[in-house]
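In what follows, a single structure is set out as structure tokens and then discussed.
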Amino acid sequence: MDTVWGLKEHLETELRQQGLWHLFTDVEMVLIPVLVAMERNGILLDTDLLREMSRELGEQLVKLEREIYSSVGHQFNINSPQQLGRVLFEELRLPQSRRTKSGYSTEASVMEALRGVHLVVEFVLQYRQLSKLKSTYIDVLPALINRKTGRVHTTFNQTGTATGRLSSSDPNLQNIPIRGELGGKIRRAIIAPPEAYLLSGDYSQIDLRVLAHLSQDPGLIAAFAQDEDIHSATACRLFGVSRDEVTPEMRRNAKTVNFGVIYGMSDYGLEQATKLSRGVSRDEVTPEMRRNAKTVNFGVIYGMSDYGLEQATKLSREEASQFIALYFEKYPKVKEYLETTKEQARKLGYVQTVLGRRRFLPEINSSNRVVREAAERMAINAPVQGSSADIIKIAMINLHREMERRSLKSKMLLQIHDELLFEVPEEEVEEMKSLVAEVMPSAFQLCVPLKVDIKVGRNWGEMA
DNA sequence: ACAATGGTCC
DNA sequence: ACTCGGACCATTGTA
């Protein structure tokens, strides 16, 4: 017993000395009862819908199975990457690109490229997608319903991540599908009880807003201050100057170059990169350009290399690296911030979030370049991702406290990194909307506003 | 039981 | 030689 109290003394002293006492007591400790309440609340499922989906999917999978076997000529285990690899790359002699340690890679990105080469590829991709969703969510979730509560209760792990995020397990309710038709359908099976609604509040672009704050980059700050669509704004910034200066010829040239870059047909020199800098007006920002800008935005947050960007955008390596150079030209303080962050990591051995949460990166000084650069990417990402995590934790605490103070019946159900999901009785919908709209944006004061989108619906799939 | 592979989310 | 940050989990195949 003495040693336990001694340990407490020691750790408290240590935390105080390191400036982490506030984070520990006022955030992490206070968050515990909030998480407990969320776990106990649990989520409600439409089991009929899931059962029906399972049946339908089962039929579809049998059909796909038959298609795959007949186009290959025999049966095999489609779920085995090993067997699938042998079928595709030995029997069918499809062109192989990447290899894994033990054979051929059959991951989706590899097979995407083989679409059209052989009919079976399309079937396998479909099969993969359907069977993934069926076996991971549609069939599993109903089996996890608690007999007493009739609900599914996840476990939130507060100490599991390197950055300060929460994680969710048994089941993981932070990776419920959302993309694609089927993803939305699965979310529709997460419902509110009669007379109640689901309400979600999600931070809009919180990572990029945090980056704007941490880097103090004027361009990023201005974009958010004016509540611009940041991806479009980035596209405009990378490709254009002020709208009224753009001549028709400049526009046309830039447009051509932009599409050339996007389609990655040829390589471009520095001159072309310069051309990129005066080009299109806002209304000429195409979906493709916006998408590439978006990728770069996220890429910066993640510490993406030019290789990663190449993979993500189909730009050639050279184009990609120029694109990044151009980005840093347009957002110079971001560049500066990334450098000083890495420098801090090298000097102190750690980086930190807005609340002082630390991630230690001993490998930042490794002589192995691959190891070192991995640590550098972590050094860049951790303060951004971690600060976002800090902020939403504060929001959760404040919301929970206020809901309790007002004796609201609404329940906090889930946190999905930048989003909170609530179950709200009909008569509390308006009050909860206002409350979430008030508390989430004011959880932490950055140098740019925090924006929150609020949606309400009878299920998690169709919320407006 | 564990590693490898693949895939879902933010 | 390089393969984007953070998670969790299903399945296969080997130990």
Side-chain angles (χ1 to χ4, degrees), chain A residues 76-85 97-111 124-125 127-141 144 154-157 159-180 182-183 186-187 202-208 210-211 295-313 317 320-321 324 338 351 359 361 368-389 392 414-420 460:
Chain A
F76 65 100
N77 189 341
I78 307 166
N79 292 316
S80 163
Q82 194 184 80
Q83 293 184 40
L84 180 62
S97 46
R98 259 164 35 81
R99 299 204 49 144
T100 63
K101 279 178 196 164
S102 48
Y104 314 96
S105 171
T106 67
E107 69 178 59
S109 68
V110 170
M111 301 197 32
V124 170
L125 283 168
Y127 177 93
R128 276 256 182 87
Q129 194 200 359
L130 298 190
S131 77
K132 175 75 179 183
L133 297 181
K134 182 170 187 289
S135 68
T136 308
Y137 306 100
I138 294 170
D139 290 341
V140 171
L141 289 178
L144 294 171
T154 186
T155 300
F156 287 107
N157 191 338
T159 58
T161 69
T163 57
R165 272 188 176 182
L166 300 176
S167 71
S168 156
S169 64
D170 308 296
N172 180 358
L173 294 179
Q174 290 180 323
N175 74 342
I176 300 297
I178 186 171
R179 293 169 193 140
L182 197 50
I186 292 173
R187 290 213 168 191
D202 76 284
Y203 283 112
S204 165
Q205 309 295 351
I206 188 171
D207 282 356
L208 284 166
V210 166
L211 179 64
T295 305
V296 177
N297 275 335
F298 281 114
V300 169
I301 291 174
Y302 295 158
M304 185 193 268
S305 63
D306 50 0
Y307 179 86
L309 185 63
E310 174 190 347
Q311 294 303 301
T313 59
R317 180 78 57 93
S321 95
I324 290 174
L338 300 186
V351 292
R359 177 166 190 180
L361 298 160
N368 180 327
R369 207 199 75 196
V370 176
V371 172
R372 184 179 64 247
E373 289 182 346
E376 289 177 351
R377 291 191 293 271
M378 295 175 203
I380 291 165
N381 176 254
V384 176
Q385 187 181 118
S387 297
S388 302
I392 196 168
L414 297 179
Q415 186 251 51
I416 312 102
H417 309 306
D418 63 354
E419 173 184 7
L420 296 176
W460 201 14

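In this text the structure is predicted, and so the values were computed from the model without any measurement. Reminder, nothing fancy here: chain letters follow the sequence lines and each chain counts from 1.
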Would you indicate what Ala389(A) reaches in the nucleic acid, counting non-hydrogen atoms under 4.0 angstrom: base, sugar-phosphate, or nothing?
nothing

Between Pro171(A) and Gln83(A), just flag the one whose closest nucleotide in DNA chain C comes earlier from the 5' side.
Pro171(A)

Return the value, rounded to whole Å, for the distance between atom CD1 of Ile138(A) and atom P of dA10(C).
14 Å

With the side chain defined as heavy atoms from C-beta on, Tyr137(A) is closest, among dT3(C), dT8(B), dG6(C), to dT8(B)

Counting just side-chain N and O atoms, does Gln174(A) come under 4.0 Å of either OP1 or OP2 of dG6(C)?
no

With a 4.0 Å cutoff (strictly under), does any side-chain N or O of Arg165(A) reach OP1 or OP2 of dG5(C)?
no

Using a cut-off of less than 4.0 Å, is there contact between a side-chain N or O of Thr136(A) and OP1 or OP2 of dA10(C)?
no

Base, sugar-phosphate or nothing for Glu419(A)? Non-hydrogen atoms, less than 4.0 Å.
nothing

Interatomic distance where CD1 belongs to Ile78(A) and P belongs to dG7(B) [whole Å]:
14 Å

Measure CD1/Ile176(A) against C1'/dA10(C) and give the value in whole Å, please.
14 Å

Are Leu166(A) and Gln174(A) close enough, and set up right, to give a side chain to side chain contact (heavy atoms under 4.5 Å, CB included), and what steps lead you there?
CA-CA 9 Å; Leu166(A) 300 176; Gln174(A) 290 180 323; 4.3 Å; yes

Listed by chain and number, what are the salt bridge (Lys or Arg N to Asp or Glu O under 4.0 Å) partners of Arg179(A), not counting sequence neighbours?
none

Below the 4.0 Å mark, does dG5(C) have OP1 or OP2 next to a side-chain nitrogen or oxygen of Arg377(A)?
yes

Given dC10(B), dT3(C), dG5(C), which nucleotide is nearest the side-chain atoms of Arg359(A)?
dG5(C)

Non-hydrogen atoms of Val384(A) and Asp207(A) that approach each other most closely:
CG1-O, 3.5 Å

With a cut-off of less than 4.0 Å, is there a side-chain N or O of Arg128(A) near OP1 or OP2 of dG7(B)?
yes

Please give, in whole Å, the distance from dG6(B) C1' to Tyr104(A) OH?
19 Å

Inter-nucleotide P distance (dC2(C), dT5(B)), Å rounded
15 Å

Reckon Ser80(A) has a side-chain N or O less than 4.0 Å from the OP1 or OP2 of dG13(C)?
yes

Taking only the side-chain nitrogens and oxygens of Ser388(A), find out if one of them lies under 4.0 Å from OP1 or OP2 of dC10(B).
no

Does a donor on one side chain sit under 3.5 Å from an acceptor on the other, for Asp202(A) and Ser204(A)?
no

Given dC9(B), dG5(C), dC10(B), identify the nucleotide with an atom nearest to the side chain of Gln385(A).
dG5(C)

Is Ser105(A) close enough to dG6(B) that one of its side-chain N or O atoms is under 4.0 Å from OP1 or OP2 there?
yes

Euclidean distance, atom CG of residue Leu144(A) to atom C1' of dC9(C) [Å, nearest integer]
12 Å

Gln82(A) CD to dA3(B) P: how many Å, rounded?
18 Å

Just call it for Leu166(A): base, sugar-phosphate, or nothing, with non-hydrogen atoms closer than 4.0 Å on any strand.
nothing

For the residue pair Asn175(A) and Asn172(A), what are the closest heavy atoms and their distance?
OD1-O, 3.2 Å

Under 3.5 Å, is there a donor-acceptor pair linking the side chains of Thr155(A) and Asp170(A)?
no

Among dC9(C), dG6(C), dT11(C), which nucleotide sits nearest the side chain of Ser135(A)?
dT11(C)

Counting any heavy atom closer than 4.0 Å, what does Asn175(A) reach on the DNA or RNA strands: base, sugar-phosphate only, or nothing?
base

Asn157(A) vs dA7(C): side-chain N/O to OP1/OP2 distance below 4.0 Å:
no

Expressed in angstrom and rounded to an integer, what is the separation of Asn79(A) atom CG from dT5(B) atom P?
16 Å

Nearest to the side chain of Arg187(A), which nucleotide is it out of dT3(C), dC9(B), dA10(C)?
dC9(B)

Nearest listed nucleotide, side chain of Arg179(A), among dG13(C), dG5(C), dC9(B)
dC9(B)

Would you name the heavy atoms of Arg359(A) and Ala382(A) that are closest together and state the gap between them?
CD-CB, 3.8 Å

Just the rounded figure in Å: distance from P of dC10(B) to CG of Leu211(A).
20 Å

Side chain of Leu133(A) (C-beta onward), nearest among dT8(B), dG6(B), dG6(C):
dT8(B)

